[in-house]
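Just so you know, these numbers come straight off a predicted model, no measurement behind them.
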Amino acid sequence: MAGVLGDEIDVLAKARRALAGEYVPSDDEPYMSEAQLDYFRKLLLQWKKSILSASENTLSALQEGPIREPDLNDRASSETDWGIELRTRDRQRKLIAKIDSAMRRIDEGEYGYCEVTGEPIGLGRLIARPIATMTVEAQGAHERREKVSRDQ
């Protein structure tokens, strides 16, 4: 259980490592060129593959049986660890939908452009967060609007 948690904390970094040594997008080429789109497609697919692999490991561990810790403190600790693991997998399940959406945007020629302003999101932001749908400015404005509506 602890191995699964430790190995899969940052699946995006794992996906990047799998592509290490290959092409990396740069500002010296046309924005959202075929090479850049291919890079992001591969990164997204590798990211999704890493998430699914981690989920399979979690499922295997769950199928091994219930927690059988004789000490109540150990049992509580194990149950807490499982709760964290399952919440992580649920977040990653939602992340897969966002990855699929990004793949669709690549196929439709919309990837890399802000869904609010239509401006380029920027390579730096996409490399850091390949599922980004807004520029930093548009995202900030969106979050400020959400905060205001939550506070009212």
Side-chain angles (χ1 to χ4, degrees), residues 1-64 77-152:
M1 163 67 188
V4 172
L5 281 172
D7 292 342
E8 301 299 335
I9 289 174
D10 190 354
V11 291
L12 179 56
K14 184 177 179 181
R16 282 194 193 103
R17 283 192 302 273
L19 295 178
E22 292 186 22
Y23 164 86
V24 177
S26 104
D27 290 325
D28 299 337
E29 57 193 328
Y31 187 71
M32 290 299 113
S33 65
E34 277 302 314
Q36 289 177 353
L37 290 171
D38 188 50
Y39 170 83
F40 286 111
R41 184 179 288 113
K42 286 180 182 176
L43 179 61
L44 289 163
L45 287 171
Q46 188 62 43
W47 193 9
K48 183 177 177 177
K49 180 179 172 185
S50 295
I51 291 169
L52 292 173
S53 174
S55 296
E56 288 173 10
N57 292 340
T58 299
L59 185 59
S60 301
L62 280 171
Q63 290 174 342
E64 288 176 5
S77 179
S78 293
E79 288 175 359
T80 299
D81 288 348
W82 275 113
I84 291 168
E85 176 76 7
L86 292 173
R87 281 192 302 276
T88 299
R89 295 297 163 237
D90 187 51
R91 280 192 305 275
Q92 289 178 343
R93 179 188 54 79
K94 294 172 185 171
L95 184 57
I96 287 175
K98 291 180 181 182
I99 291 170
D100 290 340
S101 177
M103 295 293 294
R104 181 197 50 77
R105 288 192 310 277
I106 288 173
D107 293 341
E108 294 176 0
E110 299 170 1
Y111 186 79
Y113 295 93
C114 181
E115 65 183 14
V116 176
T117 65
E119 296 175 10
I121 292 173
L123 288 177
R125 178 158 168 79
L126 289 171
I127 288 170
R129 184 144 179 90
I131 58 171
T133 59
M134 292 184 249
T135 62
V136 172
E137 296 80 16
Q139 183 71 41
H142 173 74
E143 289 172 2
R144 283 189 297 279
R145 282 190 306 273
E146 276 187 344
K147 184 180 181 330
V148 167
S149 65
R150 260 195 326 261
D151 291 344
Q152 292 178 348

query = So how far is it from Ser101 OG to Ile96 CD1, rounded to the nearest 0.5 Å?
reply = 13.5 Å
message = Show the nearest heavy-atom pair for residues Leu37 and Ile106, with the distance to one decimal.
response = O-CD1, 4.2 Å
task = May I ask you to check whether over 12 heavy atoms, not counting those of Glu108, lie within 6.0 Å of atom CD?
result = yes
inquiry  = Nearest 0.5 Å, please: how far is CG in Leu45 from CE in Met103?
reply    = 4.0 Å
ask   = Any Lys/Arg nitrogen of Asp38 or Lys42 sitting under 4.0 Å from an Asp/Glu carboxylate oxygen of the other?
value = yes
query = Taking side chain as C-beta onward, heavy atoms only, is Tyr111 less than 4.5 Å from Pro130?
reply = yes
ask   = Can you tell me how far CG of Leu19 sits from CG of Leu43, rounded to the nearest 0.5 angstrom?
value = 5.5 Å
Enumerate, atom names and distances included, each donor-acceptor pair closer than 3.5 Å involving a side-chain atom of residues 24-31, sequence neighbours excluded.
from	atom 1	to	atom 2	distance (Å)
Ser26	OG	Asp28	N	3.0
Glu29	OE1	Tyr23	OH	2.9
Glu29	OE2	Tyr23	OH	2.3
Glu29	OE2	Ser26	N	3.0
Glu29	OE2	Gln36	NE2	3.4
Tyr31	OH	Gly112	O	2.5
Tyr31	OH	Ile121	N	3.2
Tyr31	OH	Gly122	N	3.1

ask   = Quick one: salt bridge (charged side-chain N to carboxylate O under 4.0 Å, His left out) partners of Arg93, sequence neighbours excluded?
value = Asp90
side-chain contact (heavy atoms from CB on, under 4.5 Å) evaluation trace for Glu110 with Glu115 = CA-CA 8 Å; Glu110 299 170 1; Glu115 65 183 14; over 6 Å; no
query = Looking only at heavy atoms, what is the nearest atom pair of Leu123 and Phe40, with distance?
reply = CD2-CE1, 4.0 Å
query = So among His142, Glu137, Glu143, which one has a side chain to side chain donor-acceptor pair (under 3.5 Å) with Gln139?
reply = Glu143
ask   = Under a 4.5 Å cut-off applied to non-hydrogen side-chain atoms, are Val116 and Thr135 in contact?
value = no
Note, Thr133 side chain near Lys98 side chain (heavy atom, < 4.5 Å) = no
ask   = Looking at CG of Leu12 and CD of Gln46, how far apart are the two atoms once the value is rounded to the nearest 0.5 Å?
value = 10.5 Å
note = Closest heavy-atom pair, Ala132 versus Leu126, reported as atoms and distance to 0.1 Å, is O-CD2, 4.1 Å
inquiry  = Test your reading of the model: is there a side-chain donor-acceptor pair from Arg105 to the backbone of Tyr113, 3.5 Å cut-off?
reply    = no
message = Counting C-beta onward and ignoring hydrogens, is there a side-chain heavy-atom pair between Arg41 and Asp107 closer than 4.5 Å?
response = yes
